[in-house]
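In this text the structure is predicted, and so the values were computed from the model without any measurement.
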Amino acid sequence: MSRRVAAFAAAVVLLALATVLVNRVLPGWAYPITGVVTTAGLVGLAYWSGLRAAAIGLERAHLRRAGLFGLLGLGVIALGFGIALAVPALRTFFHDGRVHDLAVGPLLWAMLVRIPFGTVLLEEVAFRGVLPALLGGGDRWRWGPVLGASALFGLWHVLPSLALTSNAAVGAVFGGASLALVSVVAMLAAAVAGVFLLWWRHTGKGVLAPALVHLATNSGGVLVAWWVLSSA
């Protein structure tokens, strides 16, 4: 048990270091590299603590089921984006200043490298795999580990949330609200999303299931925002 506690503490420190580095210190190109290295470190800590692939959602036996559930979620997200594009009034919610005048090269970098390896891989292995398992959940649904990992997922977004004011949807909802309020709401929303993604992980029997949903949401959101701004 003491090794499990030590691994959890080390994982939290590793994640805190990673988010500070990628948001405040390292250049943009290092973001996916940091994600891969941090993911490897977390998996190593999990195995050192005594956990195995099934506990952290990486068991090969369930890969097909996880993939099918992931593709199902991806399809639902894609349908939602398609409806939003078809309704002109909804397009304003995708006016994100972070993708304004983004060239095709940087767009592909964001969608195919930065987000999959820097964001999705790390966050799904960390918050839907390693952390809930270290908290006592593993391949079983337990509310304590689920809420604990999801709360940490919310805190993980504290630095990224500081850039949300460039998003038109955020501005439309919060108006002149302080950045602190926007940040708190964003972290709470991330925590709630974390509970849903953990449920999808358990339903799909692996982290691949929520990873594909996460990828569709983030990479798809960037593509839709770019399309809307480019065609405006």
Side-chain angles (χ1 to χ4, degrees), residues 15 18-19 22-23 28-40 42-43 53 56-60 62-85 93-94 96 98-99 102 104-132 149-150 152-154 156-157 159-161 163-164 167 169 186 189-228:
L15 286 167
T19 192
V22 298
N23 286 285
W29 58 262
Y31 183 75
I33 297 174
T34 305
V36 172
V37 171
T38 305
T39 300
L42 291 171
V43 172
I56 59 177
L58 297 176
E59 190 175 27
R60 291 184 179 181
H62 295 145
L63 189 62
R64 181 178 180 180
R65 177 186 174 94
L68 289 174
F69 272 85
L71 289 174
L72 175 63
L74 187 152
V76 172
I77 298 298
L79 177 62
F81 282 145
I83 293 173
L85 284 174
F93 288 98
F94 294 97
D96 191 339
R98 293 171 294 180
V99 298
L102 196 64
V104 174
L107 173 70
L108 294 177
W109 160 264
M111 290 179 55
L112 303 179
V113 180
R114 178 181 173 84
I115 291 173
F117 296 101
T119 301
V120 175
L121 175 66
L122 172 56
E123 292 183 357
E124 293 309 315
V125 171
F127 298 100
R128 260 65 72 182
V130 173
L131 289 181
S150 298
L152 289 171
F153 186 54
W156 169 258
H157 285 80
L159 293 180
S161 68
L164 285 176
N167 185 285
V192 173
V195 174
F196 167 77
L197 289 169
L198 261 169
W199 174 75
W200 204 245
R201 171 259 161 111
H202 282 275
T203 302
K205 302 294 184 181
V207 296
L208 180 60
L212 289 175
V213 173
H214 197 162
L215 181 64
T217 302
N218 286 33
S219 288
V222 169
L223 177 61
V224 172
W226 178 84
W227 179 267
V228 168

Trainee: For the CH2 atom of Trp109 and the CD1 atom of Ile115, what is their distance to the nearest 0.5 Å?
Mentor: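 It comes to 11.5 Å.
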
Trainee: Where is the tightest heavy-atom contact between Gly28 and Arg114, given as atom of each residue plus distance?
Mentor: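 Scanning both residues completely, I find the closest heavy atoms to be O-NH1, 3.6 Å.
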
Trainee: Run the side chain to side chain contact (heavy atoms under 4.5 Å, CB included) check on Glu123 and His157 step by step: do they pass?
Mentor: CA-CA 11 Å; Glu123 292 183 357; His157 285 80; 4.1 Å; yes

Trainee: Can you tell me how far apart CD1 (Ile33) and OG1 (Thr38) are? Round to the nearest 0.5 Å.
Mentor: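 Reported to 0.5 Å precision, the distance equals 11.5 Å.
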
Trainee: Does the structure place the NZ or CZ of Arg201 under 6.0 Å from the centre of the six-membered ring of Phe196, at an angle of no more than 45° from the ring's axis?
Mentor: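 No; the conditions do not both hold, so Arg201 does not lie above the ring face of Phe196.
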
Trainee: Does the side chain to side chain contact (heavy atoms under 4.5 Å, CB included) test come out yes or no for Phe117 and Thr39, once each step is laid out?
Mentor: CA-CA 9 Å; Phe117 296 101; Thr39 300; over 6 Å; no

Trainee: Among Leu198, Leu15, Val207, Leu197, which residue satisfies the side-chain contact (heavy atoms from CB on, under 4.5 Å) criterion with Phe127?
Mentor: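 Only one option passes, and that is Leu15.
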
Trainee: What heavy-atom pair brings Val213 and Gly73 nearest, and what distance separates the two atoms?
Mentor: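 What the structure gives for the nearest pair is CG2-CA, 3.7 Å.
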
Trainee: Could you report the tightest heavy-atom contact between Leu107 and Trp226, atom names first, then the distance?
Mentor: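 Leu107 and Trp226 have their closest heavy atoms at CD2-CD2, 3.5 Å.
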
Trainee: Can you check whether Trp200's main-chain N or O pairs, donor with acceptor, with Arg128's side chain at less than 3.5 Å?
Mentor: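 Checked: no pair found.
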
Trainee: To check you understand the geometry: which heavy-atom pair defines the closest contact between Ala186 and Ser161, and what is its length?
Mentor: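 It is CB-CB, 3.9 Å.
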
Trainee: Report the C-alpha distance between Trp156 and Leu122 in whole Å, list the side-chain angles of each, state the deciding distance to 0.1 Å, and finish with yes or no for side chain to side chain contact (heavy atoms under 4.5 Å, CB included).
Mentor: CA-CA 11 Å; Trp156 169 258; Leu122 172 56; 3.7 Å; yes

Trainee: Search all heavy atoms of Ser219 against all heavy atoms of Pro116 and return the closest pair with its distance.
Mentor: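 Scanning both residues completely, I find the closest heavy atoms to be OG-CD, 4.4 Å.
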
Trainee: Any idea how Phe153 and His214 line up, ring-wise: parallel (<30°), tilted (30 to 60°), or perpendicular (>60°)?
Mentor: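 Ring orientation of Phe153 relative to His214: perpendicular.
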
Trainee: Going through the distances and angles, do Val130 and Val125 end up as a side chain to side chain contact (heavy atoms under 4.5 Å, CB included)?
Mentor: CA-CA 6 Å; Val130 173; Val125 171; 4.0 Å; yes

Trainee: To the closest 0.5 Å, what do you measure between CG (Asn218) and CG (Leu223)?
Mentor: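 Output value for this atom pair is 12.5 Å.
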
Trainee: Report the distance from atom CE of Met111 to atom CG of Leu215, rounding to the nearest 0.5 Å.
Mentor: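 With rounding to 0.5 Å, CE (Met111) is 8.0 Å from CG (Leu215).
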
Trainee: What pair of heavy atoms forms the shortest contact from Trp227 to Leu85, and how long is it?
Mentor: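 For Trp227 versus Leu85, the nearest heavy atoms are CD1-CD2, 4.2 Å.
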
Trainee: Rounded to the nearest 0.5 Å, how far apart are CG of Leu208 and CD of Glu124?
Mentor: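 Going from the CG atom of Leu208 to the CD atom of Glu124 covers 10.0 Å.
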
